[in-house]
Amino acid sequence: MATVLDSKVPSGPLGEKWEKHKFESKLVNPANRRKFSVIVVGTGLAGASAAASLGDMGYKVKAFCFQDSPRRAHSIAAQGGINAAKNYRNDGDSVHRLFYDTIKGGDYRAREANVHRLAEVSVNIIDQCVAQGVPFAREYGGLLDNRSFGGAQVSRTFYARGQTGQQLLLGAYSALSRQIHLNNVEMHTRTEMLDLVVVDGRARGIITRNLVTGAVERHSADAVLLCTGGYGNVFFLSTNAQGCNVTATWRAHRRGAFFANPCYTQIHPTCIPVHGEDQSKLTLMSESLRNDGRVWVPKAKGDKRRAEDIPEAERDYFLERKYPAFGNLVPRDIASRNAKEVCDEGRGVGEGQAVYLDFAASIARVGENVIRDRYGNLFDMYAKITAENPYKTPMQIYPAVHYTMGGLWVDYNLQSTIPGLFVLGEANFSDHGANRLGASALMQGLADGYFVAPYTIGNYLGGTKLDPVATNAPEFGAVENDVNERVNKLLSVKGNKTPLAFHKELGKIMWNDCGMARSKDGLESALKRIPELREEFWNSINVTGEAGEFNQQLERAGRVADFLEFGELFAKDALVREESCGGHFRTEHQTEEGEAKRDDDNFAHVAAYEWTGKSGAQTRNVEQLIFENVKLTQRSYK
Amino acid sequence: MATLNGTSNGHGKMLSLTLQIWRQKNSKTKGRMEEYKIKGVSTEMSFLEMLDMLNEQLIKEGKDPVAFDHDCREGICGMCGAMVNGYAHGPDEATTLCQTHMRSFSDGDTITIEPWRAKAFPVIKDLAVDRTSFERIIQSGGYISVGTGGTPDANAIPIPKEAADRAMDAAQCIGCGACVAACPNASAMLFTSAKISHLANLPQGQVERHFRAANMIRAMDELGFGNCTNHGECEAVCPKEIKMENIALMNREYFGAMM
Ligand SMILES: Cc1cc2nc3c(=O)[nH]c(=O)nc-3n(C[C@H](O)[C@H](O)[C@H](O)COP(=O)(O)OP(=O)(O)OC[C@H]3O[C@@H](n4cnc5c(N)ncnc54)[C@H](O)[C@@H]3O)c2cc1C
Ligand code: SF4
Ligand code: FES
């Protein structure tokens, strides 16, 4: 039976909901906060900002990450920038416009109230970061500079060269380090959460594995926050860091948290093309490059001339041609699909799976130095990987998996369907609908961590009667047993295929059948092959080494095992969603011009899956999306 | 830049290599160098992809794969790093190990690969080391003490572009530890000074500047890092081109604190 999902969106006009909700929320008085303990899993932008804020407020915080330092979370790699409705440019930006752009960019599949709150607090984020010493780019007058990103006609993106994520994370990390120093936060690095402990229907703790010693440990608390990032690595090749995984959210799903919109994946248009079978990751070239780079392919099929030798008249600047209003700055899903389309027509460059991103016109206009100042580190990175000089020859780019809009279902309070379990950042499904606009993930991570969760968690702790729970409770023992059994099982198969080999095979299925263009046939084939591969995994996985030691093979094996269950739910969700929206493109559902065709009558909802005890047998629950402030239209960027 | 080794995007030459790698089971056991042969390494591969390939081969042969730290593989997280032929992060200038590509090597080469070596960075296994000491340095004062909320408008204090740029140059440090590994004294001066200089260049960082320098330098000494005797190896290997002038700035901040 389907469960009714209550989003707990407060009543009242859109712009007043958050203020009203904050006012009506229960508070925990400062002297009592010490009595509450909170577990924060993940210390990227979302987790580090939440842990630092909660520690600063006086809660007893335990934080966890699998890297050797919070500073190394995947957020560190974000390049281009962070949005905020500051309207410093006086170009017509406002909270409402950022809200509207985000809802529209997400192809009308996000919850209005959450997105509006995000736009409201965006302005505080920039203030917070500057106070911490984040060295954002500035103009000669000393004020903050901005650039433009896709899906917007205003300049609202703040940046720190091509390393915005790094500088924002170092800001949050410094605040977290201070709280660690003050003993308000106990930090556990090189520690992986392997399961969630639910006691009397509430999230009360986690089971972790110390990655250095292999020790499996119990941690209890009054609330648990998952800030564990996205699951793009289900595709094996993606722009994500190697360790990004679905394990924490998947284990929580199996303990009762609903998983929402798993099939919503963002394929980023500007990445360095794949070079060979042994490749381990794809590298993003920031979207900000589309401010100054022009995307093109030759007009003729199979034109093998060098870029320099193809005259202007024989080039097709296909984004500028098809979308004159937004040009090279159309949203990511549209740019990606168009790149795929011209390559499928046989007009791809290089090895065939690539298009040009050309800076010649901008260099002629503003000079090489200005371009170097704006994007120097990206150009260097490109040169290191490809051994080509992008100041002289156009870059070659191709779409790659980049971000996952789906995640654990949360209500307005960022609370999952398990009371006491909150989900922040990329790990939740909340704000980006079916497509995320550039520079909005950093904004969301920090909004959740600095400005939303500190209120909603206080409301939960202040308004709930929680019995004390210790780690010797039987529930902890039972979950710890499950974890140990699983680890031992992985080690005992002693088959003939490595975790890496399985990961690559799963990635191929996902990319071919659940990637940029999805069809009924392809998805059905994926739904057949993924369970087969999972069965093969459990019969022939080879994990070397032992449980009680630093064992990177075991780490990967555990993550791949979870991806092998998750991938199935992903394909199932994509198959049931008989429409195209944002990053989810079903070939059966397109307009005559090949644009995504939504079906608002049947699919203006969030699909939230409930674990029923067996992989692939989840029930599909629905949260109807209610649009009171925007009109649903066919997205047009022409 | 001309294409190197006659390769271009998409095609690679194949290399056969001899690898000498430091193997150490854990922090309690002694390590030793072991030799491995590997064939069919494409010049397009990254150094870590070459190690992935080696590990797949070792597993097939029933041997223990080589442990090495890594995550982003795009030169920004600071997780990777090893001494390659005696150079921290390998032969390429201003490049992390993960961004080093095999086109920098030639067919038939012997490559030695060892972990960072410093008292303050004990080996965990093979090439992975424990850099918790860097965490402690930052925790001792590498921040501006602001809580969440209640901060002034971001444009309330204009900051000259040159100052913001200098702060950003220093803030680019990725905390990889190569500077310590390359230094004959295993000094953490370059790392520590990068953070001090980042914050000292900004108006927000002024209030606590002297405590910050004093506390961070004390932490550095207590954690077992050596002193700076101006060898300059740190600057030479730093993948983010952090400059030694930051160390001079740090010393000025420190003496300011002592006055
Ligand atoms: C190359 C690249 C460039 C990007 N550029 C931009 C940009 O310019 N602008 C923008 O807005 N967005 C950008 N994004 C997206 C953005 O960076 C991410 O969505 C965002 O940083 C995610 O933050 P997070 O805090 O949710 O998760 P993450 O930063 O991924 O952090 C996850 C944390 O969880 C921990 N963790 C995970 N699993 C476990 C577990 N099982 N146990 C314990 N700990 C665990 C990790 O250790 C880590 O600390 C970019 C993404 C990529 C890949
Ligand atoms: S100063 Fe350079 S070498 Fe040292 S930790 Fe920072 S980035 Fe690495
Ligand atoms: S793996 Fe992140 S810097 Fe090398």
Side-chain angles (χ1 to χ4, degrees), chain A residues 52-53 56 67-69 71-72 76-77 88 126-128 130-133 135 138-144 160-161 163 166-167 170 174-175 177-178 180-181 212 241-243 275-276 278-281 283 350-351 381 383-384 386-389 396 450 454 498 500 542 544-545 549-550 552-553, chain B residues 1 3-4 7 9-10 12 26 42 44-45 48-49 52-53 56 59 64-65 67 69-79 95 99 101 103 124-125 128 131 135 138-140 142-148 151-155 158-161 164 167-168 171-172 175 198-199 202 204-205:
Chain A
S53 302
D56 184 40
Q67 293 92 345
D68 70 341
S69 163
R71 70 182 292 153
R72 308 200 199 285
I76 201 87
Y88 283 163
I126 304 303
D127 300 344
Q128 182 69 34
V130 167
Q132 289 166 344
R138 290 181 181 264
E139 297 178 320
Y140 282 99
L143 300 183
L144 292 164
R161 295 198 188 139
Q163 292 116 292
Q166 179 195 29
Q167 294 310 316
L170 291 181
S174 70
S177 296
R178 177 166 162 256
I180 296 170
H181 184 66
V212 178
Q242 297 289 298
H275 66 64
D278 294 305
Q279 186 151 0
S280 58
K281 82 157 284 166
T283 302
E351 298 294 292
M381 204 194 296
K384 270 174 199 158
T386 64
E388 283 180 1
N389 179 353
Q396 290 185 20
Y450 284 133
T498 62
L500 182 67
N542 178 11
T544 53
E549 63 175 0
F550 188 70
Q552 294 171 314
Q553 295 294 319
Chain B
M1 194 194 321
T3 51
L4 306 167
T7 67
N9 217 353
N26 55 44
S42 158
E44 293 295 290
M45 281 163 82
L48 299 187
E49 284 164 356
D52 288 341
M53 189 174 163
E56 291 298 289
I59 295 171
D64 192 28
D69 271 327
H70 62 100
D71 200 23
C72 71
R73 296 202 174 190
E74 50 188 63
I76 192 75
C77 74
M79 193 90 186
T95 306
Q99 289 290 78
H101 278 69
R103 63 178 84 90
I124 292 175
K125 184 177 181 188
R131 286 170 292 201
E135 298 300 292
I138 298 294
Q139 286 159 16
S140 72
Y143 38 74
I144 292 169
S145 300
V146 287
T148 303
T151 50
D153 183 84
N155 259 347
I159 301 176
K161 185 173 185 310
M168 180 65 196
Q172 297 189 88
H198 157 207
L199 298 173
L202 297 171
Q204 306 92 300

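Because the structure is predicted, anything quoted here is derived from the model rather than measured. Order of the sequence lines fixes the chain letters, A, B, ..., with proteins taken first and strands second; residue numbering starts at 1 for each chain.
- Of the listed residues (B:Ile59, B:Asp153, B:Thr95), the greatest number of heavy-atom pairs within a distance under 4.5 Å of chain A belongs to B:Asp153.
- Between the side chains of A:Thr498 and B:Glu56, at least one donor-acceptor pair of N or O atoms lies under 3.5 Å.
- Of all the listed residues (B:Met53, B:His198, B:His101), the one sharing the greatest number of non-hydrogen pairs under 4.5 Å with chain A is B:His101.
- The closest donor-acceptor contact from the side chain of B:Asp71 to the backbone of A:Gln67 lies at 3.5 Å or more, if one exists at all.
- Listed options A:Asp127, A:Val130, A:Ile126 were ranked by heavy-atom pairs under 4.5 angstrom with chain B; first place goes to A:Asp127.
- With a threshold of 4.5 angstrom between heavy atoms, A:Gln132 approaches chain B through its backbone and through its side chain.
- Both the backbone and the side chain of B:Asn155 come within contact range of chain A, with heavy atoms under 4.5 Å apart.
- For A:Gln166, the part lying under 4.5 angstrom from a heavy atom of chain B is the side chain only.
- With a threshold of 4.5 angstrom between heavy atoms, A:Leu143 approaches chain B through its backbone and through its side chain.
- Of all non-hydrogen atoms in B:Thr151 and A:Ala131, the two that sit nearest each other are CG2-CB, 3.4 Å.
- Under 4.0 Å is where a charged nitrogen must lie from a carboxylate oxygen, and between B:Lys125 and B:Asp64 at least one such pair does.
- Here the CD atom belonging to B:Glu74 is positioned 5.0 Å from the OG1 atom belonging to A:Thr283, to the nearest 0.5 angstrom.
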